Amino acid sequence: MKFGGTSVADVERIKSVAKRVKREVDAGHEVAVVVSAMSGVTNQLVTWTSEIARLHDAREYDVVVATGEQVTSGLLALALQEIGVSARSWVGWQIPIHTDDAHGKARIERIDTAEIERRFAQGQVAVVAGFQGVGPDNRVTTLGRGGSDTSAVALAAALKADRCDIFTDVDGVYTTDPRIVAKARKLDKIAYEEMLELASQGAKVLQIRSVEMAMKHRVRLQVLSSFEDKPGTLVVDEDEIVEQEIVTGVAYSRDEAKITLVRVPDRPGVAAAIFGPLADHNINVDMIVQNVSEGGQFTDLTFTVTKADLERAKKVLEDRRVALGYQALVPDSNVVKVSVIGLGMRSHAGVAQRMFKALAEKGINIQVISTSEIKVSVLVAEEYTELAVRALHTAYGLDAA
Ligand code: ASP
Ligand code: MG
């Protein structure tokens, strides 16, 4: 069982989490609980570190931001003891949860569950601080924002748990953002691959890495509300999904910026010369289009990066302007990426066409298109976000009756 920040936001909520855990214990289950920091706490900790040092030592950053989860793990263990459940807290290094040394975004390598399992046998609940581990040099590491989802899935995999329940402030995974589309529907089940695309394309309900890990280790995940008592959405193998829709969900990401290089000389090696330095600066490029050149001499090249990387990307390319030989660099951060996702696309024709038609009918211009086996994404002007998402939700028959 994993409880996110809003589920442990204050003492009253921690007490009700304890009751929810007790129900599972009373039903005869062995339970490990992973907790996030109380909502807002991690943001505050991050702010403090950057107020002291803008370019901080990532190892000390981790020491600071990992504390939020330590507080909630202790509080929940106390709350469980108060209602007669045997429980103890565990921070990352105590278990230990071994990670690599990539401070601030460390990856879990191994979890030693022997002691937790020994205590399960004695009826003790393990309350584990999410988001953290211990690096090769014995220093505290954290897993990146939203990382306690990944802690929970990794622990579930290591314990070979029957299920990993992610309790949150929404009651499941929806066909799209319900704040934009009132007719969004909660999905009973979604396949790992689809959930991975949804998370990668901007749906924020699970950390991307947690879905990757669940898929790799075939952990049955459930996303459900910690405030209401009803089933959530199961994230499972596609074989378990009987009625596969063509499109399962519509996602959007405002965290996009577009760069166009105008009149780039069209010769072998030019793309490598542009994208090589961007990669060297750790700038992740997503969509790319290159035009057919005019008369075989020049071409325009457009690609997207995250909004946060836009300034750095501009600088990298402007520094190389003479060598790359382009005429102009045109940045645009007024864009949104809208994606439709579904395993059913693999076996159906005309899926992209339906998207283009629905957007055309609303007068929305498509700037860039990219596709994968189970996804079609388009880049449009940011002011069309709501209109585009609603139109696509309707066009693929996803609206609730
Ligand atoms: N508290 C951490 C964060 O806000 C980890 C988590 O909640 O998943 O990013
Ligand atoms: Mg989260």
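One-based numbering, in listed order, for ligands and for the atoms of each. None of these values were measured; they are calculated from a predicted model.
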Run the side-chain hydrogen bond (donor to acceptor under 3.5 Å, both in side chains) check on Thr6 and Ser39 step by step: do they pass?
CA-CA 5 Å; Thr6 49; Ser39 64; over 6 Å; no

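- The salt bridge (Lys or Arg N to Asp or Glu O under 4.0 Å) test with Asp332 is passed by exactly one of Lys307, Lys258, Lys314: Lys258.
- Using a 4.0 Å cut-off between charged side-chain N and carboxylate O, Lys216 and Glu212 make no salt bridge.
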Output block, N or O contacts of ligand 1, threshold 3.5 Å exclusive:
{"from": "ligand 1", "atom 1": "1 (N)", "to": "Thr42", "atom 2": "OG1", "distance (Å)": "2.8"}
{"from": "ligand 1", "atom 1": "1 (N)", "to": "Glu69", "atom 2": "OE2", "distance (Å)": "2.6"}
{"from": "ligand 1", "atom 1": "4 (O)", "to": "Arg145", "atom 2": "NH2", "distance (Å)": "2.9"}
{"from": "ligand 1", "atom 1": "7 (O)", "to": "Ser36", "atom 2": "OG", "distance (Å)": "2.9"}
{"from": "ligand 1", "atom 1": "7 (O)", "to": "Ser148", "atom 2": "OG", "distance (Å)": "3.4"}
{"from": "ligand 1", "atom 1": "8 (O)", "to": "Gly146", "atom 2": "O", "distance (Å)": "3.4"}
{"from": "ligand 1", "atom 1": "8 (O)", "to": "Gly147", "atom 2": "N", "distance (Å)": "3.3"}
{"from": "ligand 1", "atom 1": "8 (O)", "to": "Ser148", "atom 2": "N", "distance (Å)": "3.0"}
{"from": "ligand 1", "atom 1": "8 (O)", "to": "Ser148", "atom 2": "OG", "distance (Å)": "2.5"}
{"from": "ligand 1", "atom 1": "9 (O)", "to": "Arg145", "atom 2": "NE", "distance (Å)": "2.7"}
{"from": "ligand 1", "atom 1": "9 (O)", "to": "Gly146", "atom 2": "N", "distance (Å)": "2.8"}

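- Between Lys337 and Asp286 there is a salt bridge, since a side-chain N of the basic residue sits under 4.0 Å from a carboxylate O of the acidic one.
- In plain terms, the two heavy atoms of Val35 and Ser148 that are nearest each other are O-CB, 4.3 Å.
- Taking the six-membered ring for Trp and the full ring otherwise, the centers of Phe275 and Phe303 sit less than 6.0 Å from each other.
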